[in-house]
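Below you'll find the structure, written out as structure tokens, and then a few comments.
Residue numbering restarts at 1 for every chain, and letters A, B, ... go by the order of the sequence lines.
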Amino acid sequence: MQDVRTRFAPSPTGFLHIGGARTALFNWAYARRHAGSLVLRIEDTDRERSTAESEAAVLEGLAWLGVDWDDGPYRQSERSELYAEAADRLLASGRAYRCACTREELEARKQATIAAGRKWIYDGRCRDRELGPDCGEHTVRLRVDDDEQLEWDDLVFGPSGQQGREVGDKIIRRSDGSVLYHLAVVVDDLEMSIRQVIRGVDHLPNTPFQIALYRALDAEPPRFAHVPLIVNEKGVKLSKRRDPVSVQQFREDGFLPEAVRNWLIRIGWSHGDQEIFSREEIVQLFDLESVGRSSGQADPAKLEALNRHYIVSIPAPELHRAARPFLAREAGYGDGDGPTASPELERLLDLLRERSVRLTEMAARARWFLLDEITVDEKAARKHLTPAALPILEVLRDRLESVSVSNWEDASLEEVFETVKTEQGDVSMGVLAQPVRVAVTGSAASPGIYETLAVLGRERTLERLGSAIERIRSGR
RNA sequence: GCUCCCAUCGUCUAGCGGUCCAGGACGGGGCCCUCUCAAGGCUCAAACACGGGUUCGAUUCCCGUUGGGAGCACCA
């Protein structure tokens, strides 16, 4: 069997977006699945747009998603001698030639061709001129013969290819001596011994020319796998500028990496009817054979469903760790600080799991516990903190006062509620619980009332019941 | 415009000639449960783009139409 060695090659011109993240995931999954290796290469030859911050963001995003690599990160900006050398070699072997056509001339001929309704391909004017290094300002082009069959068996799209005449002699080295993307990629993939190139279909049209480059360099091309694009609601390829889809953003919005990873790996890939894939299962089951060919949308609702799933099912310590920064933010702590871990807080988080889609929501639902001062939802107060509820709250407060701290737990609290319920003429639980809930959490929604009081603690419960009673009495 | 690619419920998809009056998941509707919010249980609606072939038989194979997309740089 052929060795597996893949690569992910992002250009650091912004954040890691979900399209790139998914490509990374596919490369990672394929490499891991086949016990191969993954190389990370930063394509930062566009000095104008590439930044160090962006590179850091990309690496951070990958790490967060659980994509680990075995080699790199390499930076193309540090490898230019390699590319220059390759261009020289091509020139020396006659597989490439110097072209002295100016941009203006090229543009004029191109426009004329297009006006004539034909596709512009370099017309080969300098092809046989055998220009030497002293020909003045010039570019270097790869010689691609008209009848050359540039074909490959795509791991996703099957047999693909073009004739040389459809490709033409493209520039591989600019007049300033720098090298173009195609050459850099081919040289790198060769030098890094990449065996499978897994990338977006938007690169598929580049492949014939790159194959021509491999041949010109007397090298065997790797296998290619072009994966369908992730598109937006309009069905158009995602763009960093237009579509707000950075991995970083999802992280800040309270999504778990497990959920985002599961979400992305399932766009364009499936394994029967299975929907939930752990990191281990992806490594076990992923394959290019079950990657589809049509582009897909990333459905936010699906991400939310997955996030809910993982919030419920990840081990408690992991959930607590993931939730900490969100709790800190909600509680108004500075960076680094955080709410003290306590058995009550952990219990509350476990109660909140089933009711939270995102960590942000979870933290918001924990506000009444995190802060000493609660904010009372006015609508809830109007409905439940009414004069009619006053006697109930008073009786409950008195009864709860006689429950000791050591007895402050679900069972004894339930007992108190049951007693009061009977005494008040068999009122329904709703009539009893809602005023208490609003009094104690400020909101009409919370975990079960016994659990809520138990987690809050005796002192704070009594204090808040007192405030609510005051509030009703003073008619606010 | 040219070259190439794609086409199953709203979305992601299963299906690799009969097992399909097309299955799952998310989303949506309804019912149940219920101290609130959720969760959960049950349930309903929802698709093979169209037209030709091939075949005893097409969602599955071929061609065309339509629709969508990608690429056409001295960008990556």
Which nucleotide in [options] has an atom nearest any side-chain atom of [X]:
{"X": "A:Y450", "options": "B:G27, B:C35, B:A76", "result": "B:C35"}
{"X": "A:M429", "options": "B:U36, B:C35, B:G27", "result": "B:C35"}
{"X": "A:E354", "options": "B:A73, B:A70, B:A39", "result": "B:A39"}

**Report entry** Residues A:F255, A:Y310; criterion ring pair (Phe, Tyr, Trp, His ring centres under 6.0 Å); working and verdict
**Finding:** CA-CA 9 Å; A:F255 290 101; A:Y310 284 105; over 10 Å; no
Under 4.0 Å, counting only non-hydrogen atoms across every strand here, what does [X] touch: a base, just sugar-phosphate, or nothing?
{"X": "A:A305", "result": "sugar-phosphate"}
{"X": "A:D176", "result": "nothing"}
{"X": "A:R353", "result": "nothing"}
{"X": "A:T45", "result": "sugar-phosphate"}
{"X": "A:T139", "result": "base"}
{"X": "A:K110", "result": "sugar-phosphate"}

Please give, in whole Å, the distance from [N] [atom2] to [X] [atom1]?
{"X": "A:L432", "N": "B:U34", "atom1": "CG", "atom2": "P", "value": "17 Å"}
{"X": "A:F209", "N": "B:C72", "atom1": "CZ", "atom2": "P", "value": "13 Å"}
{"X": "A:Q163", "N": "B:C2", "atom1": "CD", "atom2": "C1'", "value": "16 Å"}
{"X": "A:Q434", "N": "B:A38", "atom1": "CD", "atom2": "P", "value": "12 Å"}
{"X": "A:H17", "N": "B:A76", "atom1": "NE2", "atom2": "P", "value": "17 Å"}
{"X": "A:F8", "N": "B:A76", "atom1": "CZ", "atom2": "P", "value": "17 Å"}
{"X": "A:R141", "N": "B:C74", "atom1": "CZ", "atom2": "P", "value": "7 Å"}
{"X": "A:H309", "N": "B:G24", "atom1": "NE2", "atom2": "P", "value": "19 Å"}

Query raised in the report: Counting only side-chain N and O atoms of A:K234, is one of them less than 4.0 Å from OP1 or OP2 of B:G68?
Result: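 No, A:K234 has no side-chain N/O under 4.0 Å of OP1/OP2 on B:G68.
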Query raised in the report: Distance check: side-chain N/O of A:R199 vs OP1/OP2 of B:G71, anything under 4.0 Å?
Result: no
Report task. Kindly indicate, with the supporting measurements, whether the criterion side chain to side chain donor-acceptor pair (under 3.5 Å) is fulfilled by A:R437 and A:Q434. Result -> CA-CA 5 Å; A:R437 193 182 318 272; A:Q434 280 310 85; 2.8 Å; yes
Requested in this report: Using atom types as modelled and distance alone, determine if a side-chain donor or acceptor of A:S160 lies under 3.5 Å from a backbone N or O of A:G158.
Outcome: yes
[N] and [M]: how far apart are their [atom1] atoms, nearest whole angstrom?
{"N": "B:C21", "M": "B:C35", "atom1": "P", "answer": "45 Å"}
{"N": "B:C33", "M": "B:A22", "atom1": "P", "answer": "32 Å"}
{"N": "B:C16", "M": "B:U11", "atom1": "P", "answer": "23 Å"}
{"N": "B:A14", "M": "B:C26", "atom1": "C1'", "answer": "15 Å"}
{"N": "B:C62", "M": "B:G41", "atom1": "P", "answer": "42 Å"}
{"N": "B:G29", "M": "B:U19", "atom1": "P", "answer": "34 Å"}
{"N": "B:U13", "M": "B:U8", "atom1": "P", "answer": "9 Å"}
{"N": "B:C63", "M": "B:C5", "atom1": "P", "answer": "11 Å"}

When you measure only distances, ignoring hydrogens and angles, does the side chain of [X] come within 3.5 Å of the base of [N] through a donor and an acceptor?
{"X": "A:R355", "N": "B:C37", "value": "yes"}
{"X": "A:R437", "N": "B:C37", "value": "no"}
{"X": "A:S446", "N": "B:C37", "value": "no"}

Query raised in the report: Is the shortest side-chain N to carboxylate O distance from A:E78 to A:R75 below 4.0 Å?
Result: yes
Requested in this report: Before accepting this row, confirm whether a basic side-chain N of the pair A:R353/A:D350 lies closer than 4.0 Å to the acidic partner's carboxylate O.
Outcome: yes
[N] - base-pair partner by Watson-Crick or wobble geometry, distances under 3.5 Å:
{"N": "B:C2", "answer": "B:G71"}
{"N": "B:G28", "answer": "B:C44"}
{"N": "B:C35", "answer": "none"}
{"N": "B:A7", "answer": "B:U66"}
{"N": "B:C16", "answer": "none"}

**Report entry** Closest-nucleotide 5' rank along RNA chain B - winner of A:R118 and A:V236
**Finding:**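 Counting from the 5' end, the first nearest nucleotide belongs to A:R118.
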Query - Pairwise 5' ranking along RNA chain B for A:L303 and A:C101, keeping only the more 5' one - result: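 Final value for this comparison: A:L303.
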Query raised in the report: Is the A:F224-A:F157 ring centre distance short of 6.0 angstrom?
Result: no
Query raised in the report: Who are the side-chain hydrogen bond (donor to acceptor under 3.5 Å, both in side chains) partners of A:E346, not counting sequence neighbours?
Result: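 side-chain hydrogen bond (donor to acceptor under 3.5 Å, both in side chains) check on A:E346 returns nothing, list empty.
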**Report entry** Protein-to-nucleotide contact annotation, 5' to 3' order, nucleotides 3-13 of chain B [B base; S sugar-phosphate only; - none; under 4.0 Å, heavy atom]
**Finding:** S-SSS---SBS
Requested in this report: Decide salt bridge (charged side-chain N to carboxylate O under 4.0 Å, His left out) for A:E418 and A:R399; before the verdict, give the C-alpha distance in whole Å, the side-chain angles of both, and the deciding distance to 0.1 Å.
Outcome: CA-CA 11 Å; A:E418 284 304 325; A:R399 285 297 168 89; over 6 Å; no
Query - Residue list, ring-ring contact (aromatic ring centres under 6.0 Å, His included) with A:F277, at least two apart or on another chain - result: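 Per chain and number, A:F277 pairs via ring-ring contact (aromatic ring centres under 6.0 Å, His included) with A:W269.
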Report task. Please determine if A:R460 forms a cation-pi arrangement with A:F369, meaning its NZ or CZ atom is less than 6.0 Å from the six-membered ring centre and no more than 45° off the ring axis. Result ->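 Yes, A:R460 lies over the aromatic ring of A:F369.
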